[in-house]
Student: 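One structure is given below, represented as structure tokens, and several questions about it will come after.
As a basis for the values below, the full set of heavy atoms in this structure was taken, side chains included, without hydrogen atoms, waters or symmetry mates.
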Amino acid sequence: MVGSIMPAAMSGRTLEVELDVVELWVHSIARTSRVLGPFGFAPDAGVAPDSRSDGIAAGLRSGDVGLILREGAPTSEVARFVGEHGDGVGEIGLACDQPEQVLRRAQAFGVASGWDGTNVRLDLMGDGTVVHTVRARRLRLPATGHTGDGAIQLGEVDHVTYCLPFGTIDRVARAYCDVLGLAEVAVPHSADLGDDLSGMHSRVLRSPLGFTVVLTAPRSPSGTGQTQHFLAAHAGAGVQHVAIACAELAAAVPLLRSRGVPFLAVPDEHLQESYARMGDRALPWDVLRREGILVDGDGEGLLFQLFTEPITDRRTFFFELIHRKGSSGFGAGNVRALFAAVDASMRRARATDSSAPARPSGCAGWSSALVDNARARVPFYAAHLAACEGADLAQVPSFDKSAVARHGRFPMSSGGARGAHRVLATSGTSGRRLYVSFDEAEWQRTGRWLEMVGRHAGMTADDVLLNTHCYGLWVGGPALDQLATRCGAGLVPLGPVAPALVLDVLADGVGTAISATPSYLRRLIEAAEAARFDLRTTPLRVGFIGAEPADTSLRQKLVAHLPEGFRWIELYGLTETGGPAVAFAPDPDVAELVVNTDDFLIEVLDPAADRPAAPGEVGELVITTRRADGRTPLVRYRTRDLVRAAAGPLDAPTRISRILGRADDALKIGGVLLYPSAAAEIMSERLPPSAEWRALVHRTGEDDELVIEAEASPEDCRAVEQAFRERVGLGLTVVPRTTGTLSRSLEKTQRILIGSPA
């Protein structure tokens with residue numbers, strides 16, 4: 001059950017906001033008008049859009065419902081929205097006699113807002129997907145009579161339902177309450193629907209004047225249900241459906257069907273449950289059964305409901321029709337039935353899609369816009385994508401870092417550093433250093449993903465993060481800062497300082513979380529052992545670990561030196577993606593990463609060809625950004641990281657294995673192909689966690705020779721040699737070295753050296 005009423009937290013006069021108009025941002029006003037015609041929507045001068053110079057708009061009405069359709073010029077905000085998200089609700093228009101109070105609350109809460117002296121524009125998610133404009137005047141004038149053909153009697157909008165990414169629903173709910181003055185409504189049996197994999201959380205919020213919002217989000221970051229399907233198809237948060245009051249639903253639905261309006265089929269068992277609860281009422285049961293209309297009742301009266309099929313190109317937006325006969329609730333008995341109807345429809349859509357030729361999932365309008373914008377704004381892409389149409393991403397050629405070597409300091413970013421929100425640089429350990437620039441929206445997307453990761457790990461205002469990642473031009477430090485600040489946690493921005501300083505901070509009882517590379521964590525544990533400082537007595541409970549891979553054995557050995565219950569949360573990302581915002585491992589005991597499908601399309605391709613790796617086979621991780629107009633778009637960018645697809649479609653997995661190695665690091669030693677990850681696994685199994693090692697590769701012509709130096713006893717070195725013979729069929733020499741003689745790194749450690757050490 002949803003909790004009790006949650007009043008607005010801000011002081012001052014009670015805000016009274018009410019819904020005015022819903023704006024649909026679309027490819028074509030003419031096409032969308034034809035789709036809406038069967039619902040009785042027709043042009044109406046009483047719905048007057050704000051004037052804008054970057055596109056055209058039209059006002060429609062059916063009964064008391066006003067819609068504004070906007071079609072944008074090629075470089076407009078509307079066109080960017082449609083290119084990224086497809087046709088859908090771009091904005092909700094609200095009326096309020098005190099918009100300046102809304103502005104003050106938004107600024108106090110930290111919601112992105114704009115103000116033109118009269119109207120407030122609120123971006124509750126910070127990415128242009130949950131947007132409201134609060135006006136002191138209405139764009140929709142009162143209806144003077146029947147509109148359209150008058151046969152369908154639509155009333156007001158009853159509520160608007162949003163789908164939000166995992167981990168964000170609480171923050172958005174607080175924004176509605178604190179900024180817009182809504183309060184939470186208790187709806188029995190609706191807070192958690194379905195199981196952890198396919199289910200969703202939901203919360204219902206309502207203003208004093210009746211503006212009602214339903215927020216939904218997946219129950220797990222690796223969810224596969226309807227909410228996650230919407231987020232993937234829509235490329236982020238958005239309005240899933242608008243519920244419209246409709247008098248005498250039992251009479252209206254047959255008429256709408258005759259006009260061609262398709263409705264979702266409610267599973268029969270749920271219809272029977274609905275009718276069993278209300279079977280003693282004198283209702284038109286034959287019509288209700290034939291039309292699939294759900295009915296529920298409470299102490300106030302009756303409620304009738306059903307959904308249309310999606311009406312947009314990506315099947316992301318639909319209408320609910322709702323008829324209240326006295327009831328002000330949400331049909332608690334129908335909630336699970338409606339959830340099942342939508343889920344069944346989404347599964348049918350996915351099944352239909354899976355029978356089509358293989359192509360990256362969700363690629364239609366957004367991929368075409370991505371290719372067009374990348375080609376127009378980034379010189380490298382102008383040449384690389386010159387022959388591409390872009391609608392089918394599978395036909396776009398991939399590329400890697402080596403392809404951009406001769407394209408300047410910012411080869412994949414438009415505008416270089418001018419006007420950038422943040423400039424970053426790659427480390428240069430695997431090739432020429434690249435500079436990349438990001439706009440604020442791209443950087444905020446990294447923050448939102450890391451906030452979700454932090455909240456998954458339970459980060460709150462009671463926590464303090466010790467951030468030991470690098471700052472300056474490097475992405476780790478500033479990215480992980482966002483995780484702490486967005487979760488309300490304390491932050492100690494240490495950077496990769498000497499481990500002794502971190503131990504001093506921990507000795508003072510400061511720090512419940514740490515962000516670090518595996519190499520730095522090893523150094524910290526080594527320093528603690530030398531100082532006889534027991535890290536298990538510290539308040540550390542979670543680590544956000546990234547920037548380099550760590551095999552299972554190494555993780556287990558390091559965690560054994562940390563407090564009981566310490567959680568190792570692995571992060572994955574690149575400088576080119578704005579940091580560790582691509583994937584994370586929600587369960588330390590499962591060697592899989594959950595992919596950020598809201599912001600990125602992930603493929604696992606054959607390392608030598610642009611085709612999906614076969615099921616179970618190792619392939620190369622390839623990244624495409626879903627935002628079409630970012631400063632640093634990635635269009636099938638080969639990371640050189642090797643993984644296996646673990647869940648989701650073969651060509652667009654939602655889960656992948658942890659990083660298994662690098663496509664450009666494979667070594668042929670004595671005729672045996674060896675990946676560094678395999679060598680690291682053997683070394684970490686056989687050596688203490690604080691022991692350092694280096695592998696020296698000597699080029700000899702046809703094959704390479706490998707010699708390993710390890711801070712270990714002769715007995716341990718012989719055990720390592722035996723493990724290489726048994727595990728990979730490779731004979732080599734492991735030379736023992738005294739502890740502390742091999743160099744340490746505070747950030748990424750390079751253990752495979754070509755030639756002789758300097």
Student: Search all heavy atoms of Ala652 against all heavy atoms of Leu601 and return the closest pair with its distance.
Tutor: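 Looking at all heavy atoms of both residues, the closest pair is CB-CD1, 3.7 Å.
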Student: So, do Phe399 and Tyr381 have ring centers that fall under 6.0 Å from each other?
Tutor: yes
Student: Do you know which of Glu451, Gln482, Met452 makes side-chain contact (heavy atoms from CB on, under 4.5 Å) with Cys487?
Tutor: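 Only match with Cys487 under side-chain contact (heavy atoms from CB on, under 4.5 Å): Glu451.
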Student: Verify the distance criterion only: is there a donor paired with an acceptor across the side chains of Gln228 and Thr597 at less than 3.5 Å?
Tutor: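 Gln228 vs Thr597: donor-acceptor pair found between side chains.
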Student: Does CZ belonging to Arg611 count more than 12 external heavy atoms closer than 6.0 Å?
Tutor: no
Student: For a 4.5 angstrom cut-off between non-hydrogen side-chain atoms, does Met125 reach Pro165?
Tutor: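 Contact flag for Met125/Pro165 side chains = yes.
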Student: Do side-chain atoms of Tyr435 reach the backbone of Thr426 as a donor and acceptor pair under 3.5 angstrom?
Tutor: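 Pair absent, no side-chain N/O of Tyr435 close to backbone of Thr426.
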Student: Tell me, do Phe544 and Arg567 make a side-chain contact under 4.5 Å, heavy atoms counted?
Tutor: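 No. Closest side-chain heavy atoms not under 4.5 Å.
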Student: Measure centre to centre between the rings of Trp449 and Phe584, then say whether the value is under 6.0 Å.
Tutor: yes
Student: Taking side chain as C-beta onward, heavy atoms only, is Val594 less than 4.5 Å from Thr654?
Tutor: no
Student: Return the CG to NZ distance between Leu574 and Lys401, rounded to the nearest 0.5 Å.
Tutor: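 The distance works out to 8.0 Å.
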Student: Sequence neighbours left out, what passes salt bridge (Lys or Arg N to Asp or Glu O under 4.0 Å) with Arg644? Give chain and number order.
Tutor: none
Student: Side chains of Thr632 and Ser413 only: does a donor on one sit below 3.5 Å from an acceptor on the other?
Tutor: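 The answer is yes; a qualifying pair exists.
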Student: Any side-chain heavy atom of Asp641 sitting closer than 4.5 Å to one from Leu660?
Tutor: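 Contact flag for Asp641/Leu660 side chains = no.
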Student: Looking only at atom types and distance, does a side-chain atom of His469 sit under 3.5 Å from a main-chain N or O of Pro496, one as donor and one as acceptor?
Tutor: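 No, the answer is negative, given that no donor and acceptor are paired below the 3.5 Å cut-off.
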Student: Please determine whether side chain to side chain contact (heavy atoms under 4.5 Å, CB included) holds for the pair Phe166 and Leu231, giving the CA-CA distance in whole Å, both sets of side-chain angles, and the decisive distance to 0.1 Å.
Tutor: CA-CA 10 Å; Phe166 173 82; Leu231 294 169; over 6 Å; no
Student: State whether the side chain of His234 and the backbone N or O of Ala237 hold a donor-acceptor pair below 3.5 Å, judged by distance alone.
Tutor: yes
Student: I want to check something: taking the side chain as every heavy atom from C-beta on, are Ser657 and Leu593 in contact at a cut-off of under 4.5 Å?
Tutor: no
Student: With side-chain contact (heavy atoms from CB on, under 4.5 Å) as the test, pick out the partner of Ile602 among Thr639, Val582, Val622.
Tutor: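 Only match with Ile602 under side-chain contact (heavy atoms from CB on, under 4.5 Å): Val582.
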